[in-house]
Amino acid sequence: MEERILSTRKNGMLVLLLTILELVVAVALIVWSGVGLAAGGGALPVVTMVIGVIWVAVGWIPFLGLKVIKPQEALVLTLFGKYVGTLKEEGFYFVNPFCTAVNPAAKTKLNQSGDVGSDTGKKKNSEFEIASKKISLKVMTLNNNRQKINDCLGNPVEIGIAVMWRVTDTAKAVFQVDNYKEYLSLQCDSALRNIVRIYPYDVAPNVDTTGDGKADEGSLRGSSEVVAFRIRDEIQRKVADAGLEIIEARITYLAYAPEIAAVMLQRQQASAIIDARKMIVDGAVGMVEMALERLNENQIVDLDEERKAAMVSNLLVVLCGNHDTQPIVNTGSLY
């Protein structure tokens, strides 16, 4: 299905004025015929009366062919089931009055910009019904619902994305899929699951996220830009046949699922404590080594191996302890 743009029918104002003029003439003809019949004018007033009545009865039909298109709007038209074309440029158009506008997603409400609202239950007028058939060509943002997905290590995580998209081919959007808005939402869910299952939540050893057979440091938390880019490409491949363009995808929410969040927090705390202890021990060993070297260089005191071992032990206890030490001063002999 190829999109056909109708851009040569911007004569709506002319048709509107001519139709109003014809209706005025028809009413005037009816009035003149009524006066003629009252005066006994014969058969001519009867004929003109019938013509005027028929004219008024069907003269409103051209109004149905008047279409107003605003910037960044489109209207897909069909005539007795056949695709006629798309009004895509702003202007006042006149088309075949029997053409009908088609937009299967007109009443679909998604959690996105420009397309949210509540149903008031009031009866809609004809103007609103016609406007609802128009397809917006603006860039819209779909805030997809949070999903619970297992990462590549099997840990359940909750993730949400925001997708910026727009309609580029109205014919494909209307005729290739049943409802392009619902189709987009479902493909976003599917693409999100496919990509998230490739990555761990945090950096993990022996995990290949690029598919090159080598372990890397990719993760949902640390490689959010790369993950978002892959999600965008995955969605674009799925919705290309629906005439949609995915401009950007962004991760808006990322966290462990509530059932394992507490455990993962303890794991992160334990990892942080281990890293901190490792840094403290490395620093303490360096300080002890420096102290022994300075004592030897300056020949301040001559320590045998047993005294050096005792000194190293005491310094490590002081430097690596969790609390402040309470020193015991020996005022007697060292020996």
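Because the structure is predicted, anything quoted here is derived from the model rather than measured.
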Assigning hydrophobic clusters by single linkage (Ile, Leu, Val, Met, Phe, Trp, Tyr; side-chain heavy-atom cutoff under 4.5 Å), is Val203 placed with Ile251?
no
Heavy-atom closest pair, residues Pro97 and Leu64:
O-CB, 3.8 Å
Run the numbers on Asp202 and Ser219 for side chain to side chain donor-acceptor pair (under 3.5 Å), then give the verdict.
CA-CA 5 Å; Asp202 216 338; Ser219 65; 4.5 Å; no
Considering only heavy atoms from C-beta outward, does the side chain of Val163 approach that of Ile246 to under 4.5 Å?
yes
Show your working on side-chain contact (heavy atoms from CB on, under 4.5 Å) between Asp208 and Asp216 and close with a plain yes or no.
CA-CA 6 Å; Asp208 176 23; Asp216 53 68; 3.4 Å; yes
With a distance cut-off below 6.0 Å to the six-membered ring centre and an angular limit of 45° from the axis, does Arg146 pair with Tyr253 as a cation-pi contact?
yes
Between CG of Leu87 and CD1 of Ile5, what distance do you get to the nearest 0.5 Å?
10.0 Å
Could you check Thr141 against Asn143 for side chain to side chain donor-acceptor pair (under 3.5 Å), going step by step and ending with a plain yes or no?
CA-CA 6 Å; Thr141 303; Asn143 295 318; over 6 Å; no
Would a distance-only check, ignoring hydrogens and angles, find a side-chain to backbone donor-acceptor pair under 3.5 Å from Asp151 to Gly154?
yes
Contact summary for Ile231 and Ala249, nearest pair of heavy atoms
CG2-CB, 4.4 Å
Compare all side-chain heavy atoms of Val15 with those of Leu66 and state whether any distance is below 4.5 angstrom.
yes
Could you check whether any side-chain N or O of Ser223 sits under 3.5 Å from a backbone N or O of Val226, counting only pairs where one atom can act as donor and the other as acceptor?
no
Start with the C-alpha distance between Asp282 and Val285, add both sets of side-chain angles, then the distance that settles side-chain contact (heavy atoms from CB on, under 4.5 Å), and finish with yes or no.
CA-CA 5 Å; Asp282 290 341; Val285 171; 5.9 Å; no
With no hydrogens and no angle check, just 3.5 Å: does a side-chain donor-acceptor pair link Tyr199 and Arg221?
no
I'd like to know if the side chain of Asn11 and the backbone of Tyr93 have a donor-acceptor N/O pair within less than 3.5 Å.
no
Rounded distance (nearest 0.5 Å) linking atom CZ of Arg230 with atom CD1 of Ile235:
13.0 Å
Heavy atoms of other groups near Asp178 CG, more than 12 under 6.0 Å:
no
Going by heavy atoms in the side chains, are Phe92 and Leu14 under 4.5 Å from each other?
no
Spell out, yes or no, whether Leu16 and Val58 are grouped together once hydrophobic residues are joined by side-chain heavy atoms under 4.5 Å, including indirect joins.
yes
Roughly how far, to the nearest 0.5 Å, is OG of Ser185 from CD of Glu182?
8.0 Å
Please report the shortest heavy-atom distance between Glu2 and Tyr83, naming the atom on each side.
O-CE2, 3.5 Å
Between atom CG of Leu142 and atom CD1 of Ile161, what is the distance when rounded to the nearest 0.5 Å?
7.5 Å
Side chains of Cys152 and Ile198: closer than 4.5 Å at any heavy-atom pair?
no
So, do Glu158 and Leu254 sit near enough that their side-chain heavy atoms are less than 4.5 Å apart?
no
Determine whether Arg250 and Glu248 satisfy the following criterion, salt bridge (Lys or Arg N to Asp or Glu O under 4.0 Å), listing intermediate values before the conclusion.
CA-CA 7 Å; Arg250 289 290 180 183; Glu248 189 179 11; 2.6 Å; yes
Between the CG atom in Leu6 and the CZ atom in Arg9, the distance rounded to the nearest 0.5 Å is 5.0 Å
Tell me whether the rings of Trp165 and Tyr180 are parallel (<30°), tilted (30 to 60°) or perpendicular (>60°).
perpendicular
Over all heavy atoms of both residues, which pair between Asp241 and Lys172 is shortest? Give the atoms and the distance, please.
O-CB, 3.7 Å
Can you tell me which residue among Gln72, Glu73, Glu3 is in a side-chain hydrogen bond (donor to acceptor under 3.5 Å, both in side chains) with Lys88?
Glu3
If the threshold is 4.0 Å, N to carboxylate O, is there a salt bridge linking Arg166 and Glu245?
yes
Assess whether atom CD of Glu217 is packed by more than 12 heavy atoms of other residues, nucleotides or ligands within 6.0 Å.
no
Distance col, row Cys188:SG vs Glu234:CD, nearest 0.5 angstrom, shows 11.0 Å
State plainly whether one hydrophobic cluster holds both Ile61 and Val68, where clusters connect Ile, Leu, Val, Met, Phe, Trp and Tyr through side-chain heavy atoms under 4.5 angstrom apart.
yes
How far apart are the C-alpha atoms of Thr252 and Ile159, what are their side-chain angles, what is the distance that settles it, and do they pass the side-chain contact (heavy atoms from CB on, under 4.5 Å) test?
CA-CA 8 Å; Thr252 57; Ile159 185 171; over 6 Å; no
For the student: nearest non-hydrogen atoms of Val84 and Cys99, plus distance:
CG2-SG, 4.2 Å
Could you check whether any side-chain heavy atom of Val76 comes within less than 4.5 Å of a side-chain heavy atom of Ile135, counting everything from C-beta outward?
yes
For Gln236 and Leu244, indicate whether the former's side chain and the latter's backbone hold a donor-acceptor pair under 3.5 Å.
yes
Can you check whether Val157 reaches Leu220 side chain to side chain, under 4.5 Å on heavy atoms?
yes
One thing to verify: whether Lys10 and Glu89 come together as a salt bridge, which I'm taking to mean a side-chain N less than 4.0 angstrom from a carboxylate O.
yes
Can you get from Phe94 to Phe63 by hopping between Ile, Leu, Val, Met, Phe, Trp and Tyr side chains that sit under 4.5 Å apart?
yes
ILVMFWY cluster, Leu186 and Met140 together (side-chain gap under 4.5 Å)
no
Are any of the side-chain heavy atoms of Ile149 and Arg197 separated by less than 4.5 Å?
yes
Worked check of side-chain contact (heavy atoms from CB on, under 4.5 Å) between Val95 and Lys67:
CA-CA 8 Å; Val95 297; Lys67 308 293 182 183; 4.0 Å; yes
Just by distance, do the side chain of Thr19 and the backbone of Pro62 share a donor-acceptor pair under 3.5 Å?
no
Between Ala26 and Gly52, which heavy-atom pair has the shortest distance, and what is it?
CB-O, 4.0 Å
